[in-house]
Protein chains: 2
Amino acid sequence: MRRTREDIRQRLLDSALVEFGAKGFDGASTRSIAQRVDAHQPQINYHFDSKEALWAAAVDHLFGRLGEELADLPRPDGTDDPARLAATFAEAVRRFVRFAAAHPELNRIMVHEATEDSDRLRWMVERHVRPMYDAIRDVWQRLRDAGIAAPIDPAMVHYVIVGAASLPFVNAPEARLLTGAEPTDLAWVEAHADGLVATLLPGLPDPSLKVER
Amino acid sequence: MRRTREDIRQRLLDSALVEFGAKGFDGASTRSIAQRVDAHQPQINYHFDSKEALWAAAVDHLFGRLGEELADLPRPDGTDDPARLAATFAEAVRRFVRFAAAHPELNRIMVHEATEDSDRLRWMVERHVRPMYDAIRDVWQRLRDAGIAAPIDPAMVHYVIVGAASLPFVNAPEARLLTGAEPTDLAWVEAHADGLVATLLPGLPDPSLKVER
DNA sequence: GTCTATAATTAGATAGAC
DNA sequence: GTCTATCTAATTATAGAC
């Protein structure tokens with residue numbers, strides 16, 4: 001297998017996500033990140049400028065993947081009827097749950113960074129999180145007005161959704177010990193998504209309705 | 001102000017919680033922990049045996065405080081009627097939300113440790129988390145049977161509650177940037193608790209009913 | 001581009017004076 | 001018990017041969 005420039009960069013990015021997710025920025029070492037893909041530590045400074053630049057590139061990479069997962073959902077606009085808006089929102093929640101299960105690094109890194117104010121946090125919030133936060137808040141307000149959504153303030157619901165959706169996967173090693181089950185199993189993930197959607201949207205007209213792709 | 005033996009131990013424990021919560025076990029430095037309370041780094045090895053022992057003592061300390069907050073709630077037993085059980089459960093959730101707001105270190109440390117299997121994680125799960133997990137699962141099953149609880153599997157509801165309840169406080173620095181509000185303000189905390197209880201227990205007979213103390 | 005060697009810094013732990 | 005000094009190990013980053 002050839003190790004082209006892009007190949008090694010991709011491998012380093014994926015390795016960085018795992019290490020930064022598991023240990024945080026300070027706890028992760030560039031040696032471990034390199035070793036995990038059979039590279040040497042100085043290659044990180046060669047392919048990326050610094051540990052910080054590697055972190056930023058890895059975060060961009062991962063939020064990019066999340067964006068791809070949600071890209072083909074219809075954009076909510078003012079003309080949607082509430083039932084259709086709710087179905088689209090439900091589908092977005094399901095996809096977010098699946099993404100959180102497949103890529104726990106995203107929310108692990110979020111939590112690691114969000115516990116202390118820093119330049120990295122501000123960069124990540126403005127670049128990646130705020131667009132999601134704003135979109136969720138606005139749609140939720142309309143679903144509340146339509147009587148479909150649970151009684152949670154639109155300013156807070158982002159944290160309820162993200163927290164409830166991702167914690168079993170963020171804390172997957174703990175969940176394995178605690179439940180004896182494998183939280184990333186397909187059936188477990190879908191059950192979690194179903195429960196979350198039904199709880200968040202008790203007024204969903206037809207829970208089985210799936211949006212068109 | 002005197003600095004007795006117990007005094008300095010308490011200060012070091014509190015400082016350790018903040019640092020371990022913010023940076024994780026690897027990222028936190030014993031020097032910073034000591035400096036935060038105007039002590040010197042070797043005092044940690046004097047008053048505690050090691051960084052690891054300090055961590056364990058700090059975790060015990062914090063879970064002990066959570067236990068105190070919940071201690072006077074009536075133990076659920078098989079004879080409780082569902083409405084009373086639900087009222088007690090709702091009160092426990094409210095107190096957990098308040099505790100998470102006042103002591104975000106608890107859930108920060110949980111998340112830092114739970115993202116990777118380790119001796120520290122196993123110790124913490126068996127000693128502190130499993131009793132809570134078991135209690136929540138059993139009560140939730142009964143509330144589901146009574147038609148009071150939202151449609152979430154009893155094996156998963158622990159993560160829904162903990163994740164949704166604590167993330168705004170775990171990620172408080174992010175929430176401040178994102179919402180412009182202070183998530184630890186009393187009104188914000190109570191609104192979050194109210195929304196969570198109403199969402200988790202849509203069949204609660206009387207949401208305003210408070211349990212006796 | 002890769003790899004060895006190493007510089008510069010910082011970590012946790014310990015010894016010993018007081 | 002506290003504090004200075006220091007040990008060993010591990011960190012990120014860089015220099016230079018290939």
Side-chain angles (χ1 to χ4, degrees), chain A residues 1-59 109 112-113 115-116 118-121 123, chain B residues 1-61 109 112-113 115-116 118-121 123:
Chain A
M1 155 136 45
R2 270 200 45 225
R3 307 276 298 241
T4 66
R5 179 184 182 83
E6 267 315 302
D7 186 43
I8 186 66
R9 275 182 59 100
Q10 280 300 316
R11 286 165 185 266
L12 287 173
L13 282 180
D14 287 333
S15 175
L17 287 172
V18 175
E19 291 279 319
F20 283 134
K23 310 237 189 193
F25 183 82
D26 291 319
S29 89
T30 53
R31 266 185 176 73
S32 305
I33 292 170
Q35 274 180 359
R36 184 183 286 268
V37 291
D38 291 317
H40 291 86
Q41 180 251 343
Q43 287 179 267
I44 286 179
N45 292 82
Y46 176 77
H47 286 284
F48 305 89
D49 282 346
S50 65
K51 185 183 183 180
E52 188 114 9
L54 171 65
W55 179 89
V59 169
I109 290 175
H112 276 123
E113 295 301 327
T115 52
E116 213 179 31
S118 72
D119 288 342
R120 287 197 303 277
L121 173 60
W123 176 88
Chain B
M1 153 135 44
R2 272 199 45 225
R3 306 275 297 241
T4 66
R5 179 183 183 84
E6 267 316 301
D7 186 44
I8 186 66
R9 275 182 59 100
Q10 280 300 317
R11 286 165 187 266
L12 287 172
L13 282 179
D14 287 334
S15 176
L17 286 172
V18 174
E19 291 280 317
F20 284 133
K23 310 236 188 194
F25 184 82
D26 291 320
S29 90
T30 53
R31 272 185 172 73
S32 305
I33 292 170
Q35 274 180 359
R36 184 184 287 269
V37 291
D38 291 317
H40 291 86
Q41 181 250 342
Q43 288 179 266
I44 285 179
N45 292 79
Y46 176 77
H47 287 282
F48 305 88
D49 283 347
S50 64
K51 185 183 184 181
E52 189 114 8
L54 172 66
W55 179 88
V59 169
D60 273 351
H61 179 55
I109 290 174
H112 275 123
E113 295 301 327
T115 52
E116 211 179 32
S118 71
D119 289 341
R120 286 197 305 277
L121 174 61
W123 177 88

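Each chain gets a letter, A, B and so on, in the order its sequence line appears, and its residues count up from 1.
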Rounded to the nearest angstrom, tell me the gap between atom [atom1] in [X] and atom [atom2] in [N].
| X | N | atom1 | atom2 | value |
| --- | --- | --- | --- | --- |
| A:Glu6 | C:dG1 | CD | C1' | 14 Å |
| A:Ile8 | C:dC3 | CD1 | C1' | 13 Å |
| B:Arg11 | D:dT2 | CZ | C1' | 15 Å |

Looking only at non-hydrogen atoms, find the nearest pair between [X] and [Y] and report the distance.
| X | Y | answer |
| --- | --- | --- |
| A:Glu116 | B:Ala22 | OE2-CB, 3.7 Å |
| A:Ala39 | A:Leu12 | CB-CD2, 4.4 Å |
| A:Val37 | A:Ser15 | CG1-CB, 3.9 Å |
| B:Ser118 | B:Glu113 | OG-OE1, 4.1 Å |

Hey, can you pull the donor-acceptor pairs under 3.5 Å for the side chains in residues 50-57 of chain B, sequence neighbours left out?
from	atom 1	to	atom 2	distance (Å)
B:Ser50	OG	B:Glu52	N	3.4
B:Ser50	OG	B:Ala53	N	3.1
B:Lys51	NZ	B:Phe25	O	2.8
B:Lys51	NZ	B:Ala28	O	2.8

Given protein heavy atoms under 4.0 Å, the one-letter contact record of nucleotides 13-18 of chain D, with B base, S sugar-phosphate only and - none, is simply BB----
Atom pair CD/NE2 of A:Glu6 and A:His47 - distance to nearest 0.5 Å = 9.5 Å
To the nearest 0.5 angstrom, please state how far the CD1 atom of B:Ile8 sits from the CG atom of B:Leu13.
-> 10.0 Å
OP1 or OP2 of D:dG1 under 4.0 Å from side-chain N/O of B:Gln43 = no
So does B:His40 get a side-chain nitrogen or oxygen closer than 4.0 Å to the phosphate oxygens (OP1/OP2) of D:dC3?
-> yes
Positions of residues 12-28 of chain B (non-hydrogen atom under 4.0 Å from DNA chain C), listed by number = B:Ala28
Go through the structure and list residues passing salt bridge (charged side-chain N to carboxylate O under 4.0 Å, His left out) with B:Asp60, not counting sequence neighbours.
-> B:Arg127
Rounding to the nearest 10°, end axes of the helix from C:dG1-D:dC18 to C:dC18-D:dG1 built from five pairs each make an angle of 10°
For A:His40, enumerate each residue passing the side-chain hydrogen bond (donor to acceptor under 3.5 Å, both in side chains) test, keeping only those at least two apart in sequence or located in another chain.
-> none
Sequence neighbours excluded, which residues qualify as side-chain hydrogen bond (donor to acceptor under 3.5 Å, both in side chains) partners of A:Arg36?
-> A:Glu19
If you check every side-chain atom of A:His47, which of C:dG1, D:dT4, D:dG1 has the closest atom?
-> C:dG1
What pairs of residues pass the side chain to side chain donor-acceptor pair (under 3.5 Å) test when at least one of them lies in residues 21-31 of chain B, not counting sequence neighbours?
-> B:Ser29-B:Ser32
